*Asks:* 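Just passing along the structure, written as structure tokens.
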Amino acid sequence: MPLDPHIADFLAALPAGGDSVSLDDIRRATERDLSALHGPLQPVARVETFTVAAGDGHPLRVRAYWPERAVQSAAPQPAIVFAHGGGWCLCSLELYDNPCRALANASQCVVLSVDYRLAPEHCFPVPLEDFYSGVAWVFAQAERLGIDPARIAVGGDSAGGNLAAAACLLARDRDGPAIAHQLLLYPALDDRLAMDSHAAYADGYYLTRDIMAFCWETYLAETGEGRPAYAAPMRAATLERLPPATILACEYDPLRDEGEAYARRLRAAAVPAHDARLDGMVHGCIHMLGLTPAAEALFRRSGMLIRAALSV
């Protein structure tokens, strides 16, 4: 399909890259500019923020969102432990407040957003270990949270999709929590950036190949030449015994082919994996409900698929 016209107009109006700015400036601009695309605040029944300990004792925030259905039922509820995007070096719990509300409503699951530490201050594996600690905490506190421990999924978009996929690898290899499903939204899975979509959509479609390369280098700065599979899940030797997956890719996204290739690898390893392409969409469309009605497709499709996967 053609690029969504509202997104095309938005991209055409973006200023050309200028002088280099600091990462702090980029972070502030990202928070401001993406939040401006969100549209009206999505209502949910309940929001609560918890403080939990990472593996090294560092305090992490986990913000939970209950949709109306979840608070009206006395039965344990399905849940998604969510990792936000932002190339492991941008974005925040606050920026993802409205997208997490929308995901909770679409999925009818309790969504728990983990405020992991960012690179380059905290390179791999700290963001991953933080997210994994959040996942483990949700399992440990399931009864207190009113959550069904047999229906806890992990999810995330972009770099957050990377963390969700990697957390499944960690849980498998450490005999950790029994994650029920993985919801990967246009995930970043392969640091080599050598697939067809990396070239076809390298520039002009919001996320660029060069920006993605910068994000990978920022995240993996302390790993040297080696790229461990927990950092780039596409490098994993085997994907056997992983949770079933739902993977959504955006049509005009340099990362499109990564998600679709990962789904094929999962299926080849006998892991049920459903992948779908969001027509006309670009990377980051989880933030674009206020920009284009077509962005609703991300929530509608992911909500429908995760409800089926978790028997909601």
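Values in this document were obtained by computation on a predicted structure and should not be read as measured data.
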*Asks:* Counting distance only, does the side-chain N/O of Ser35 pair as donor-acceptor with the main-chain N or O of Arg32 below 3.5 Å?
*Replies:*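 It does hold such a pair.
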*Asks:* Taking atom types as modelled, is there a side-chain donor on Asp25 or Ser22 under 3.5 Å from an acceptor on the other?
*Replies:*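 There is such a pair (donor and acceptor under 3.5 Å, judged by atom type) between the side chains of Asp25 and Ser22.
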*Asks:* Is there a donor-acceptor contact under 3.5 Å linking the side chains of Gln77 and Arg151?
*Replies:*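 Looking only at side-chain atoms, Arg151 and Gln77 do not form any donor-acceptor pair under 3.5 Å.
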*Asks:* Take His122 and Tyr116 through the ring pair (Phe, Tyr, Trp, His ring centres under 6.0 Å) test and state the conclusion after the steps.
*Replies:* CA-CA 10 Å; His122 305 281; Tyr116 59 89; over 10 Å; no
*Asks:* According to salt bridge (charged side-chain N to carboxylate O under 4.0 Å, His left out), does anything in residues 44-67 pair up with another residue at least two apart or in another chain? List the pairs.
*Replies:*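 Residue pairs with at least one partner in residues 44-67: Arg46-Glu48, Asp56-Arg117, Arg61-Glu94, Arg61-Asp115, Arg63-Glu94.
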*Asks:* Determine, step by step, whether Met195 and Met234 satisfy the side chain to side chain contact (heavy atoms under 4.5 Å, CB included) criterion, reporting the C-alpha distance in whole Å, the side-chain angles of both residues, the deciding distance to 0.1 Å, and the verdict.
*Replies:* CA-CA 12 Å; Met195 296 183 180; Met234 193 67 80; 4.0 Å; yes
*Asks:* Check the pair Phe50, Trp137 against ring pair (Phe, Tyr, Trp, His ring centres under 6.0 Å), reporting the backbone distance first and the verdict last.
*Replies:* CA-CA 10 Å; Phe50 303 90; Trp137 179 84; 5.3 Å; yes
*Asks:* If the threshold is 4.0 Å, N to carboxylate O, is there a salt bridge linking Arg267 and Glu240?
*Replies:*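 Judged by the 4.0 Å cut-off on N to carboxylate O distance, Arg267 and Glu240 do not form a salt bridge.
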*Asks:* Between the side chains of Asp157 and Tyr186, does any donor sit under 3.5 Å from an acceptor?
*Replies:*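 The answer is yes; a qualifying pair exists.
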*Asks:* Looking only at heavy atoms, which two atoms of Cys91 and Thr30 are closest? And how far apart?
*Replies:*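 Cys91 and Thr30 have their closest heavy atoms at SG-CG2, 3.9 Å.
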*Asks:* Report the relative orientation of the aromatic rings in Tyr201 and Tyr252; use parallel for angles under 30°, tilted for 30 to 60°, perpendicular for over 60°.
*Replies:*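 Perpendicular.
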*Asks:* Report yes or no: do Thr208 and Asp203 form a side-chain donor-acceptor pair below 3.5 Å?
*Replies:*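 No, Asp203 and Thr208 have no side-chain donor paired with an acceptor closer than 3.5 Å.
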*Asks:* Can you tell whether the side chains of Glu260 and Arg277 come within less than 4.0 Å, N to carboxylate O?
*Replies:*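 Looking at Glu260 and Arg277, the cut-off is met.
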*Asks:* Side chains of Tyr262 and Asp190 only: does a donor on one sit below 3.5 Å from an acceptor on the other?
*Replies:*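 The answer is no; no qualifying pair exists.
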*Asks:* Taking NZ, NE, NH1 and NH2 as the nitrogens, is one of them in Asp253 or Arg256 under 4.0 Å from a carboxylate oxygen of the other?
*Replies:*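 No, this pair does not count.
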*Asks:* Using the ring of each side chain (for Trp, its six-membered ring), is His287 parallel, tilted or perpendicular to His38, with breaks at 30° and 60°?
*Replies:*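 His287 and His38: parallel rings.
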*Asks:* Check the pair Arg235, Asp191 against salt bridge (Lys or Arg N to Asp or Glu O under 4.0 Å), reporting the backbone distance first and the verdict last.
*Replies:* CA-CA 9 Å; Arg235 292 182 177 269; Asp191 61 294; 2.7 Å; yes
*Asks:* Does a side chain donor of either Glu31 or Ser92 reach within less than 3.5 Å of an acceptor in the other side chain?
*Replies:*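 Present: a donor and an acceptor within the cut-off.
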*Asks:* Using modelled atom types only, decide if a donor and an acceptor are shared between the side chain of Arg301 and the backbone of Glu296 within a distance under 3.5 Å.
*Replies:*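 Absent.
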*Asks:* Any donor-acceptor pair under 3.5 Å linking the side chain of Arg101 with the backbone of Tyr65?
*Replies:*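 No; zero donor-acceptor contacts below 3.5 Å.
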*Asks:* Does a side chain donor of either Ser113 or His84 reach within less than 3.5 Å of an acceptor in the other side chain?
*Replies:*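 Checked: Ser113/His84 side chains show no N/O donor-acceptor pair below 3.5 Å.
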*Asks:* Flag yes if Ile80 and Leu60 sit in one hydrophobic cluster, no otherwise; membership is Ile, Leu, Val, Met, Phe, Trp, Tyr, and two members link when side-chain heavy atoms are under 4.5 Å apart.
*Replies:*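 Result: no, two separate clusters.
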